[in-house]
K.L.:
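The structure follows.
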Amino acid sequence: MGLLSSFKRSFSHGVHPAHYKGQTENLAIQRVPFGNRYVMPLGQHIGAPAIAVVNKGQHVGRGELIAKPGGFISTALHSPVTGTVTEISPQRTLDGSFKPTIVIEADPFSAQRVETTPPASWEELSIEEFIETVQQAGIVGMGGAAFPSHVKYSIPDGAHIDDLLVNGAECEPFLTNDHRLMVERPETVIQGTEILRQKLGAKRANIGIERNKPEAIRALEKVLEKSPSLPITLSPLEVKYPQGAEKMLIQSVYRKEVPAGQLPRDIGVAVNNVGTVVAIADLFATGAPLIERVVTVSGPGIDQPANLMVPLGTPVRDLLSFCGGLNDKTREIIMGGPMMGFPITSLDVPILKGSSGILAFTEEETARPHEYPCIRCGRCLEACPYFLNPSRLALLSRNRRYEETMDYHVMDCVECGACSFACPSNIPIAQLIRTAKDNLRQNPVEEAA
Amino acid sequence: MNSLLASPAIMMGIGLFFGVILAVAYRLLKVDEDPRIDETEEMLPGTNCGACGVPGCRAFAEELIRGTAEPSQCTVAPKDEIVEIADFLGVDAGSQIKRVARLHCAGGKAEAWQIAEYRGFDSCRAAAVVSGGGKGCSWGCLGLADCEIACNFDAIHINSNGLPVVDPEKCTACEDCVVACPKDLFKIHPVNEHLFVQCSAPLEGDAILSLCSAACDSCSRCASDSNPGLIEMVDGLPVVDYSSGAEESPDATWRCSTEAIIWLDGGQFDQQNQNMTEGQKRYAQLR
């Protein structure tokens with residue numbers, strides 16, 4: 001860190017929720033023992049669902065391909081355990097709906113070894129082969145959105161990537177999965193960053209980390225000191241929500257704004273989560289596809305919080321019972337972070353590629369506060385990192401004037417929830433905006449001729 | 001003195017000049033509009049609901065004059081007004097079969113389990129974006145009355161079982177409820193189609209019966225009991241194909257164990273509350 005880092009690196013607007021990471025930030029990542037039932041929905045990433053390539057009753061090995069990509073914006077699925085496919089049927093998934101799913105029963109006598117061969121050395125692969133390898137390994141953005149990573153790496157002709165930005169901000173309260181990865185596997189993080197940087201042809205790479213993770217910053221610094229020739233820089237950032245949102249992170253690190261409706265690659269930046277970078281490093285080191293991820297189990301409703309290495313498809317129920325179960329006061333389970341995560345309606349839903357945390361909350365945190373009228377204080381406007389007008393959007397949505405929200409750029413909202421957090425009247429602004437967006441998606445406004 | 005007269009004279013001159021231009025323009029550029037359009041519009045209900053298929057009552061009046069629409073296509077006006085309009089225009093009133101909105105779900109509080117509690121504000125659309133609203137059956141009606149609010153004709157009311165009841169007399173088939181429902185449960189049906197499937201869940205057998213006691217479990221008895229070709233099972237649900245020409249009859253509903261397919265004559269859920277046992281009624285009130 002030099003003089004530069006003493007500057008306050010951040011974006012404008014945003015909020016400061018308490019980070020509550022103390023419960024788990026010093027707990028090493030633990031592996032959970034294998035259970036017996038694994039549920040793998042075919043559509044656990046953004047884009048077309050994968051196509052199953054196994055049949056009912058078939059024996060599958062851990063790491064074996066069970067579904068192939070259903071298109072370019074789609075990715076492969078691999079079996080998280082050695083076992084038998086018991087059903088391919090609709091099962092309840094994260095959003096409460098039923099989606100086609102491969103259910104695998106683990107073989108209790110198996111050694112659960114991953115039988116894979118490492119792909120060719122990454123240095124020798126062309127960019128097309130690299131993209132194909134990443135897609136076949138089923139790697140997606142591990143920050144939460146689960147956008148297939150290879151799509152990000154497919155740079156259209158004429159465009160080029162100057163900067164690779166690794167997202168270790170982890171601005172969501174409670175979550176410590178990225179933090180633990182950086183503390184425990186800093187070499188792998190650097191290795192993966194270097195692979196991506198060279199493959200994408202980026203000149204520099206930055207790793208953005210919020211300042212409330214000094215341990216992670218120190219661990220990565222130590223690795224970088226050993227190889228000073230690498231053009232990788234650490235960028236400690238102000239602790240602020242939503243620092244880890246792609247466009248905010250770019251603004252904080254490079255002082256560049258991604259225009260509305262455009263992607264980071266349009267201004268020459270590629271952003272990848274720490275988890276994704278580690279998955280890529282692992283893929284080229286051992287050939288292991290994406291079959292497990294780090295999940296933080298935390299929150300006041302959990303007696304024994306933990307950072308866990310979980311095979312994908314593990315039902316939340318198994319994970320919670322490994323952590324000593326829920327306590328009596330638990331009222332709500334959220335998958336993801338408390339700001340952007342989703343409450344789940346059933347404990348049978350599985351851990352997916354995008355699940356970064358399981359948080360249990362009690363009545364105290366989840367009771368619906370009394371709602372007061374909007375007093376036009378403008379705090380939501382000051383909170384919105386996208387400079388939208390959340391109070392106006394919420395008002396229009398509440399009065400079911402969904403089409404008019406388009407005039408206020410409702411589709412630029414990323415639903416970070418900073419507005420709801422900032423509102424002193426307890427208006428569920430983010431939910432109202434999501435309602436409007438959902439309505440507009442289902443009943444698109446016809447363009448005036 | 002001179003200047004005192006000059007300014008009014010100039011103003012009058014300008015006024016006269018433009019007056020003449022306006023008078024000439026009125027003569028030359030006049031668009032003849034059928035006076036009957038105004039009168040017909042007066043006679044129409046003026047709700048601008050769009051149920052007739054054209055945007056608004058005036059556009060409908062224009063179509064009537066052109067002869068491209070029949071008066072009975074207006075579903076809002078009562079019969080005698082339709083006849084009045086037809087007499088006025090000297091055309092046949094036409095015979096449109098009345099169409100009404102029907103709900104493809106019968107899983108109210110007494111039938112369908114809630115697996116999680118939704119504590120946001122009362123709107124189906126808002127509940128649907130929070131993990132589907134907490135109802136066990138993710139296709140089912142949430143009962144938070146988005147359709148009741150959307151209905152301009154006071155035709156939809158949520159009953160004590162948490163399901164929207166459509167009053168077929170008041171319903172104009174304007175499709176406002178179809179658009180409002182986040183689960184796409186409302187469809188417009190002609191009233192002379194009596195066989196009706198009150199379920200939208202594609203799951204089969206126990207998988208769906210464990211979530212809702214009024215669901216279709218895809219046993220396909222209705223398909224085998226009906227006239228051949230009338231009912232076909234598509235994605236785990238019976239689909240009544242009226243274009244097949246096969247005659248419909250209540251036979252198809254007799255062996256349905258869950259009343260997922262019913263013979264509908266009048267409104268939906270008319271009998272539901274009477275049919276509930278005392279225990280079910282109390283249970284519905286409790287939830």
Side-chain angles (χ1 to χ4, degrees), chain A residues 87 89-101 103 331-336 341-349 361 363 365-371 394 397-403 415 420 426-446, chain B residues 50 55 112-140 142 144-152 175-186 200-208 210-212 215 218 235-237:
Chain A
E87 327 174 35
S89 62
Q91 300 286 331
R92 196 183 293 280
T93 178
L94 193 52
D95 62 355
S97 65
F98 287 75
K99 296 277 161 61
T101 301
V103 183
R331 280 300 297 268
E332 190 168 328
I333 312 274
I334 287 177
M335 194 178 260
F342 287 80
I344 55 173
T345 53
S346 160
L347 292 183
D348 294 324
V349 305
F361 291 101
E363 179 69 33
E365 296 88 27
T366 58
R368 191 179 167 202
H370 187 270
E371 201 181 315
S397 171
R398 192 187 289 274
N399 291 301
R400 292 158 210 264
R401 286 156 64 176
Y402 302 120
E403 282 160 35
E415 302 166 17
S420 294
N426 300 324
I427 300 172
I429 305 176
Q431 195 196 359
L432 282 161
I433 295 177
R434 270 176 62 193
T435 307
K437 283 172 78 174
D438 184 61
N439 192 299
L440 290 169
R441 253 178 244 128
Q442 200 177 351
N443 310 307
V445 183
E446 284 155 34
Chain B
W113 319 150
Q114 200 75 15
I115 53 168
E117 181 196 7
Y118 168 70
R119 290 193 283 184
F121 56 97
D122 289 349
S123 156
C124 309
R125 177 79 59 182
V129 295
V130 185
S131 302
K135 194 163 190 162
C137 169
S138 66
W139 297 270
L142 296 169
L144 294 171
D146 272 10
C147 47
E148 186 176 338
I149 293 163
C151 185
N152 286 330
E175 299 197 2
D176 278 356
C177 51
V178 178
V179 174
C181 182
K183 304 266 182 184
D184 279 336
L185 291 172
F186 272 112
S200 303
L203 291 187
E204 298 179 2
D206 287 345
I208 188 65
S210 64
L211 299 171
C212 174
S218 319
D235 288 337
L237 284 171

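The figures here come from the full heavy-atom set of this structure, side chains too, leaving out hydrogens, waters and symmetry mates. First the proteins, then the strands, lettered A, B, ... as listed; each starts at 1. The model shown is predicted, which means the values in this text are computed figures rather than measured ones.
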K.L.:
If you tally heavy-atom pairs under 4.5 Å against chain A, which of B/Ala127, B/Ser123, B/Ala201, B/Gly136 wins?
P.N.:
B/Gly136

K.L.:
Which atoms of A/Ser89 come close to chain B, meaning under 4.5 Å heavy atom to heavy atom: side chain ones, backbone ones, both, or neither?
P.N.:
neither

K.L.:
State which residues pass salt bridge (Lys or Arg N to Asp or Glu O under 4.0 Å) with A/Glu371; sequence neighbours excluded, sorted by chain then number.
P.N.:
A/Arg368, A/Arg398

K.L.:
Which atoms form the tightest heavy-atom contact between A/Arg400 and B/Asp122, and what is the distance?
P.N.:
NH2-O, 4.2 Å

K.L.:
What option among B/Pro182, B/Ala116, B/Gly134 has the most heavy-atom pairs under 4.5 Å with chain A?
P.N.:
B/Pro182

K.L.:
Shortest non-hydrogen contact from A/Phe342 to B/Ser131?
P.N.:
CB-OG, 4.1 Å

K.L.:
Measure B/Ile208 against the heavy atoms of chain A and call it side chain, backbone, both or neither at under 4.5 Å.
P.N.:
neither

K.L.:
Determine the minimum heavy-atom distance between B/Arg119 and A/Thr366, stating which atoms define it.
P.N.:
NH2-OG1, 3.1 Å

K.L.:
Kindly say whether B/Val129 contributes a backbone atom to a donor-acceptor pair with the side chain of A/Arg434 at under 3.5 angstrom?
P.N.:
yes

K.L.:
Go through the atoms of B/Phe121 and report whether side chain, backbone, both or neither lie under 4.5 Å from a heavy atom of chain A.
P.N.:
both

K.L.:
What pairs with A/Glu403 under salt bridge (Lys or Arg N to Asp or Glu O under 4.0 Å), at least two apart in sequence or on another chain?
P.N.:
none

K.L.:
Which pair of heavy atoms, one from B/Ser138 and one from A/Ser97, lies closest together, and at what distance?
P.N.:
OG-CA, 3.4 Å

K.L.:
Within the distance-only criterion (no hydrogens, no angle test), does the side chain of A/Gln431 pair as donor or acceptor with the backbone N or O of B/Gly120 below 3.5 angstrom?
P.N.:
no

K.L.:
Just so I understand: if I count every heavy-atom pair under 4.5 Å between each of A/Asn443, A/Thr93, A/Thr345 and chain B, which residue has the most?
P.N.:
A/Thr345

